[in-house]
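Notes follow once the structure below has been shown.
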Amino acid sequence: MEGAIFINIPSATLQPAKPRKRITTEPPQHLKFGPHLPPPPPPPSTSLSLDSLLPLLTHHNSPSSSSTSTATANRSQQRLLVIDGAYTTLFNDPRLGFLSSKAGSLLCCILSQPLPTLPSFLHSSRLEIVAIDTVSLLKALDIAGDWERALIFFQWLAADARSKLSAPAIELIVRALGRESQHTLASKLFDSVLLDDYLIDIRAYTTLLHAYARSGKYKRAVELFRQIKIKGLTPTIVTYNVMLDVYGKMGGSRTHILGLLNEMRDRRLECDEFTSSTVIAACGRDGLVDEALEFFQQLKSPTFSPGIVTYNALLQVFAKAGNLPLALRVIKEMEDNSCIPDAVTYNELVATYVRAGFYEEGASLLDTMAIKGITPNTVTYTIVIGGYGKAGKENEALSLFWRLKELGCVPNVFTYNTVLGMLAKKSRTKEILEILLQMRSDGCVPNRITWNTILALCGKRGMEKYVSRVLAEMKNCGVEPDRDTFNTMISAYGRCGSGARALKLYHEMNEAGFHPSLSSYNALLNAIARKGDWHAAESVLKDMNSKECKPNELSYSLLLQSYAQARHLEGSKLSKLKFMQARSSPAG
DNA sequence: GACTGTTAGG
């Protein structure tokens with residue numbers, strides 16, 4: 001039993017500073033990985049009724065969902081009350097003193113318009129609007145705290161041929177969207193509004209770069225940064241920090257990051273806590289442990305000592321690399337430098353233990369936290385629940401999940417995905433429905449990973465007919481499939497033995513513009529191997545070679561399987577050889 | 001007025 005639980009410990013961590021000694025503090029009853037046998041799991045239901053599952057996933061998640069519009073309608077009603085009753089409050093606001101009386105009455109009309117009819121209202125009032133100072137009206141909407149109407153007004157101005165946008169108007173809307181963390185909206189806004197004709201200030205550019213970074217549009221951020229320099233503006237320390245984050249999240253950008261750090265040095269900009277944590281996190285994503293450590297050592301100077309975020313980022317680098325001794329050394333150094341570990345520090349530490357297979361020690365860190373006066377949060381519990389799941393203690397995981405709220409936490413989409421993934425693996429479909437029901441009543445919106453998990457569940461015999469329906473519902477909810485969605489679906493068909501459907505999806509994936517990854521190819525080979533269609537398997541391997549995707553051990557083993565299935569002896573011998581070769585050269 | 005670190009599947 002124990003051997004099975006600890007099978008994942010990387011050999012480097014087998015003799016860590018912290019051996020498998022028992023934690024002396026008794027963990028609370030609900031957290032124990034007790035020696036007792038868990039109750040036998042309920043028998044998996046033979047089929048899952050999609051008719052009961054899909055409504056649980058679909059009711060609340062489209063971007064223009066009913067819940068959003070209800071909330072908007074409520075706000076709008078509240079605003080009307082404000083306008084009808086205490087109309088004067090807003091206009092007595094000294095911050096609106098700059099507004100002309102005409103602009104004031106327009107502001108009043110705009111605030112009282114329901115969002116959906118606002119564009120047509122603006123259109124019918126365009127003569128009045130163009131006669132006033134539109135920037136001041138935009139500013140008033142911002143001060144009134146109504147960024148949604150400000151955005152609609154801005155978009156109307158941008159689309160209206162005779163109105164003219166100005167740099168202050170752009171700065172204003174960028175700042176408002178940034179403050180509201182509407183990064184996706186901000187980044188989309190400038191798909192239609194061309195920025196090239198305007199010169200906005202460096203702070204607004206930085207906010208926009210940040211919006212691109214947060215919505216994953218890294219190439220656009222890089223391009224905008226280039227434009228900023230061409231326009232002759234001087235990036236600030238914050239601009240550099242954002243760009244370091246962009247390159248860090250893109251991955252494989254060591255040279256660019258070093259280039260930016262050099263530029264900063266040339267401009268005599270000192271690294272701050274943001275710079276250091278961002279650069280270290282970037283090293284961690286690329287697995288550059290030595291580089292992270294070197295950068296960290298160079299950082300320390302009489303004028304700069306690392307703060308908690310930097311230490312946590314460094315801890316994360318070692319944690320990801322599975323290096324428990326180095327991770328523990330970071331904690332020690334923090335304490336020596338009177339930098340008090342916080343919840344994030346402990347969450348990373350719990351995750352390190354769990355990742356290394358030390359589930360019990362991970363769970364008992366909850367008690368260490370309690371002793372140190374650090375309250376475990378949703379992230380902590382999500383990690384521990386995931387640990388129980390990995391240890392095969394699904395019932396403990398579930399009971400901790402159901403206790404979360406009593407412990408003062410609100411499960412988030414990560415928590416739900418952890419539990420759903422665990423249950424999907426064990427095909428505990430009845431409980432999946434219960435969890436989805438809870439997810440809905442918590443108002444937690446399923447994301448792409450939730451949908452992919454449900455798609456993976458369709459890889460059960462007899463369920464392949466649901467795959468396309470789930471995909472359609474997913475799209476209907478505004479969640480776009482990604483490469484992993486296709487991989488999941490190909491695997492699902494593979495597990496059901498639907499080789500033809502898997503192949504069809506593979507073509508659809510290419511048509512949708514996603515480059516197949518090694519796992520796509522292996523999923524496809526898996527589907528083919530079961531049928532013994534070695535011709536198809538050979539052509540997949542040919543395709544891999546042409547796309548410069550190196551087949552791995554699994555790929556050759558699946559090719560071998562398809563030969564074996566068809567009793568093709570010559571092919572078997574050859575692929576056995578390739579399989580052995582792949583095994584001896586672990587790259588790829 | 002802007003910026004950083006933790007958790008989910010494959």
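Lettering of chains follows the sequences in order, A, B, ..., and the numbering in each one begins at 1.
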Nearest to side-chain heavy atoms of Thr453(A), which nucleotide of dG9(B), dT4(B), dT7(B): dG9(B)
Whole-Å distance separating the CD1 atom of Ile257(A) from the P atom of dT4(B): 15 Å
Pairwise distance CG(Leu349(A)) to CG(Leu365(A)) - rounded to 0.5 angstrom: 5.0 Å
Any Gln316(A) side-chain nitrogen or oxygen under 4.0 Å from OP1 or OP2 of dT4(B): no
Sugar-phosphate, base or nothing in reach of Asp342(A), heavy atoms under 4.0 Å: base
Shortest side-chain distance from Asn412(A), nucleotide among dA2(B), dG10(B), dT7(B): dT7(B)
Atom-to-atom span, OH of Tyr240(A) to P of dC3(B) - whole angstrom: 19 Å
Rounded distance (Å) that lies between atom C1' of dT6(B) and atom CG of Leu366(A): 14 Å
Touch class at under 4.0 angstrom, heavy-atom based, for Asp484(A) against every strand present: base
Interatomic distance where NZ belongs to Lys320(A) and P belongs to dA8(B) [whole Å]: 10 Å
Of the listed nucleotides dA8(B), dA2(B), dT4(B), the one nearest the side chain of Phe414(A): dA8(B)
Sugar-phosphate only, base, or nothing, as touched by Thr236(A) at under 4.0 Å among non-hydrogen atoms: base
Any N/O donor-acceptor pair, Thr278(A) side-chain to dT4(B) base, under 3.5 Å: no
Exam field: side chain Asp286(A) to backbone Gly251(A), donor-acceptor pair closer than 3.5 Å: no
Length of the CD-P vector between Glu171(A) and dG1(B), whole Å: 14 Å
Among dG9(B), dT6(B), dG1(B), the one nearest Val379(A) by side-chain distance: dT6(B)
Ring centroids of Phe274(A) and dT4(B) base under 5.5 Å with planes under 30°: no
Selection from dA8(B), dA2(B), dT7(B) that lies nearest to any side-chain heavy atom of Asn447(A): dA8(B)
Touch class at under 4.0 angstrom, heavy-atom based, for Asp201(A) against every strand present: base
Whole angstrom value for the distance that separates C1' of dC3(B) from CE of Met264(A): 11 Å
Per Arg355(A) side chain, nearest of listed nucleotides dT7(B), dA8(B), dT6(B): dT7(B)
Output field: ring centroids Tyr311(A)/Phe296(A) closer than 6.0 Å: yes
Closest listed nucleotide, where the reference is the side chain of Lys390(A) and the choices are dG1(B), dA8(B), dT6(B): dA8(B)
For Asn241(A), the option from Thr206(A), Thr275(A), Thr236(A) that meets side chain to side chain donor-acceptor pair (under 3.5 Å): Thr275(A)
Listed nucleotide nearest any side-chain atom of Thr207(A), set dG10(B), dA2(B), dA8(B): dA2(B)
Distance in angstrom units between Leu224(A) CG and dC3(B) P, rounded: 16 Å
Leu365(A) CG to dT7(B) C1', straight-line distance once rounded to whole Å: 15 Å
Sugar-phosphate only, base, or nothing, as touched by Ile308(A) at under 4.0 Å among non-hydrogen atoms: base
Short side-chain N/O contact from His210(A) to OP1 or OP2 of dC3(B), under 4.0 Å: yes
Touch class at under 4.0 angstrom, heavy-atom based, for Val238(A) against every strand present: base
Sugar-phosphate only, base, or nothing, as touched by Thr206(A) at under 4.0 Å among non-hydrogen atoms: base
Lys/Arg-Asp/Glu bridge criterion (N-O < 4.0 Å) met for Lys372(A), Glu335(A): yes
Nucleotide nearest Ile449(A) (side chain, heavy atoms from C-beta), chosen from dT6(B), dG9(B), dT4(B): dG9(B)
Heavy-atom closest pair, residues Glu171(A) and Ala204(A): CG-CB, 3.8 Å
No-hydrogen, no-angle side-chain donor-acceptor test under 3.5 Å, Glu223(A) and Gln227(A): yes
Of the listed nucleotides dA2(B), dG9(B), dT4(B), the one nearest the side chain of Asp482(A): dG9(B)
Sugar-phosphate, base or nothing in reach of Glu348(A), heavy atoms under 4.0 Å: sugar-phosphate
